[in-house]
Engineer: 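Here's a structure for you.
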Amino acid sequence: MDLLRSYAEDDGIANPNSQSSPDSSPIRMLPSKSAAPKVDDTMLALTVAGEAARAQSKPLDPTQHLVGFNPTYEQLWAPICGPAHPYAKDGLAQGLRNHKLGFVEDASIEPFVFDEQYNTFQKYGYAVDPSENSYIGDLEKMKECDAISVYNIPQHEQKKRKLEKKKEKMEEEEGDEQDVDMTEVENPSTDTWLMKNRKSPWAGKKEGLQVELSEEQKKYAEEYAKKKGEERGGDKDKAEPMVEKSTFHGKEEKDYQGRSWIAPPKDAKAANDHCYIPKRLVHTWSGHTKGVSAIRFFPKHGHLILSAGMDTKVKIWDVYNSGKCMRTYMGHTKAVRDIWFSNDGSKFLTAGYDKYIKYWDTETGQVIQTFTTGKIPYVVRLNPDEDKQNVLLAGMSDKKIVQWDINSGQITQEYDQHLGAVNTITFVDNNRRFVTSSDDKSLRVWEYGIPVVIKYISEPHMHSMPSISPHPNGNWIAAQSLDNQILIYSTRERFQLNKKKRFAGHIVAGYACQVNFSPDGRFVFSGDGEGRCWFWDWKSCKVFRTLKCHDGVCIGAEWHPLEQSKVATCGWDGLIKYWD
């Protein structure tokens, strides 16, 4: 009632026209009240203070990227503490759960092994536990089956299964035959015919109907068979090597003292070490009916010179005395491509386009051994080491370098990296390595006996190099490049091209003209495609002299090993010329 009264009094104040009673009670102010409940905030203060304290003492997780408070220096640099975890990289415990269902441990097991064990378990009820190397599942069944898996069924079991399947198939076919309509069997459009003729009609040899040949067809068939027979017969003849024979043209094979005709003269020795460029022709050896492809002086003495002819013959000529042909070696059916003496000159190799390599006795003319791979040999070499004179290397037309043991006749190594026919083999670095060139326009360096290329030289501007010769000091090799220049490569570790030394002026494009050095290393010389022989100075690389030697190509040139100013050249005109 008091409240109502005070409310009415308030209205009286607002309304001046209303009459108020002088006997009304005075105005009383009530205390303010809050509708919110009374809360004790002591606990809240304690909680906030505790969190702040915990934040200050809580260790930081080094893997987290965001920190929700300002850590102190001591907290940032505190050592990592806590139990070590076997699977966490940082060693902190992050819980074993790395999957929804728990911890998944990686197992290194091949998919095939897993499938094998899975299928074995599904079929037999046992499998190998890879973690413990033991069997799990039905162990009785495992003993009964001798622990076989589905993929290693024994041979007799496989045969048994095949026989069972075959038997089942035959039974099915017998059952089908009982109620088969013969009209359906003969009709290819029916399923019955398909079942009976499961094998495709064009599988294997189709047996066509024998039709009688007409007279014209018979005649053609006879001619064709005859032609094929001749071709096969011709191949057989080609495959058989020619019967080797040799003719001696000298007066006697032994002199009055019993010395062989190939024995070097005792007075043959170098007058001095200085070499001179020849000026005039002193002798011509003519005897080959076709071009001469290569010449080689007798090693160390040069009293004989060996020549390989395109007329299939190899001849050896006297140099010092009569100047005549001493012996002719006939053992090839096609042109002879390359020749090479052994270190003492008592034997030599020949390589012919008839695909045969022959090892001859120089004195008697007997063939000691014959080698072939069925491919054309383009270059033959013996290992220059005295203890490896039984090792023959040949560069073949099928991109391989084949190594034979002459004593056994067996192939002991094949160097197969080139992409074209191999043209040259040159031993370097005390005969521990050899350099080969090929039609693939590259040089490859090999360790002797190891068929792995240790240096591969191939540039876009390079041309094929059909002739390579080592410098007498052994530090350089000269390579005849088919872009009409002679390039010099180092034989040291890096086999670099010497860009300062380049010999040019001659025309050799298309011809495998031999390049060579004088014995003192002061001159480089080479034949060319126009019949000239060119001489360059090694130091200045300038042309020293040119000699017009042959009509046609001057393919080979050799400096005499003892006579300082004597050079022999050979050409496709069939002549060998001696210059002084």
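This structure is a prediction, so every number in the text was calculated from the model and none was measured. Every heavy atom of this structure was used, including side-chain atoms; hydrogens, water molecules and symmetry mates were not.
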Engineer: Any non-hydrogen side-chain atom of H506 less than 4.5 Å from a side-chain atom of R532?
Structural biologist: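 Sidechains of R532 and H506: no contact.
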Engineer: If you take the centroid of each ring, where Trp contributes its six-membered ring, are Y356 and H332 closer together than 6.0 Å?
Structural biologist: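 Centroid distance H332-Y356: not below 6.0 Å, so no.
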Engineer: Around Y224, counting heavy atoms of other residues, nucleotides and ligands shown, do more than 12 lie under 6.0 Å from its OH?
Structural biologist: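 Not buried by this count: 12 neighbours or fewer within 6.0 Å.
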Engineer: Other residues, nucleotides and ligands only: do more than 12 of their heavy atoms fall within 6.0 Å of OH on Y456?
Structural biologist: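 Counting neighbours around OH of Y456, more than 12 heavy atoms of other residues, nucleotides or ligands fall under 6.0 Å, so yes.
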Engineer: Can you name the salt bridge (Lys or Arg N to Asp or Glu O under 4.0 Å) partners of R522, sequence neighbours left out?
Structural biologist: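 Checked R522 against salt bridge (Lys or Arg N to Asp or Glu O under 4.0 Å); matches are D520.
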Engineer: Hey, which of W559, F523, W536, W538 is the one that makes ring-ring contact (aromatic ring centres under 6.0 Å, His included) with F517?
Structural biologist: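 Option passing the ring-ring contact (aromatic ring centres under 6.0 Å, His included) with F517: W538.
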Engineer: Relative to the ring of F371, is the ring of W404 parallel (under 30°), tilted (30 to 60°) or perpendicular (over 60°)?
Structural biologist: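 It falls in the tilted class, 30° to 60°.
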Engineer: With under 30° as parallel and over 60° as perpendicular, where do the rings of Y448 and F434 fit, or are they tilted in between?
Structural biologist: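 The arrangement is perpendicular - the two ring planes meet at more than 60°.
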Engineer: Are Q257 and D255 close enough that a side-chain donor and a side-chain acceptor fall under 3.5 Å?
Structural biologist: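 No, no side-chain donor-acceptor contact under 3.5 Å.
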Engineer: Can you say whether the rings of Y320 and H303 are parallel (under 30°), tilted (30 to 60°) or perpendicular (over 60°)?
Structural biologist: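 Answer is tilted, since the angle falls between 30° and 60°.
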Engineer: Should we say atom NZ of K388 is surrounded by more than 12 heavy atoms from elsewhere, each under 6.0 Å from it?
Structural biologist: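 More than 12 heavy atoms, drawn from other residues, nucleotides or ligands, come within 6.0 Å of this atom.
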Engineer: Between I406 and L382, is any pair of side-chain heavy atoms under 4.5 Å apart?
Structural biologist: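 With C-beta onward as the side chain, the pair touches.
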Engineer: Does any N or O in the side chain of K499 come within less than 3.5 Å of the main-chain N or O of K501, such that one atom is a donor and the other an acceptor?
Structural biologist: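 No, the answer is negative, given that no donor and acceptor are paired below the 3.5 Å cut-off.
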Engineer: Sorted by first residue and then second, give each side-chain hydrogen bond (donor to acceptor under 3.5 Å, both in side chains) pair with at least one member in residues 337-347; sequence neighbours left out.
Structural biologist: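 Only R296-D338, R337-Y353, D338-R381, S342-D344, N343-E386, N343-Q389, D344-S346 qualify under side-chain hydrogen bond (donor to acceptor under 3.5 Å, both in side chains).
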Engineer: Are Y511 and W572 close enough that their ring centers fall under 6.0 Å?
Structural biologist: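 Distance test on ring centres: under 6.0 Å, yes.
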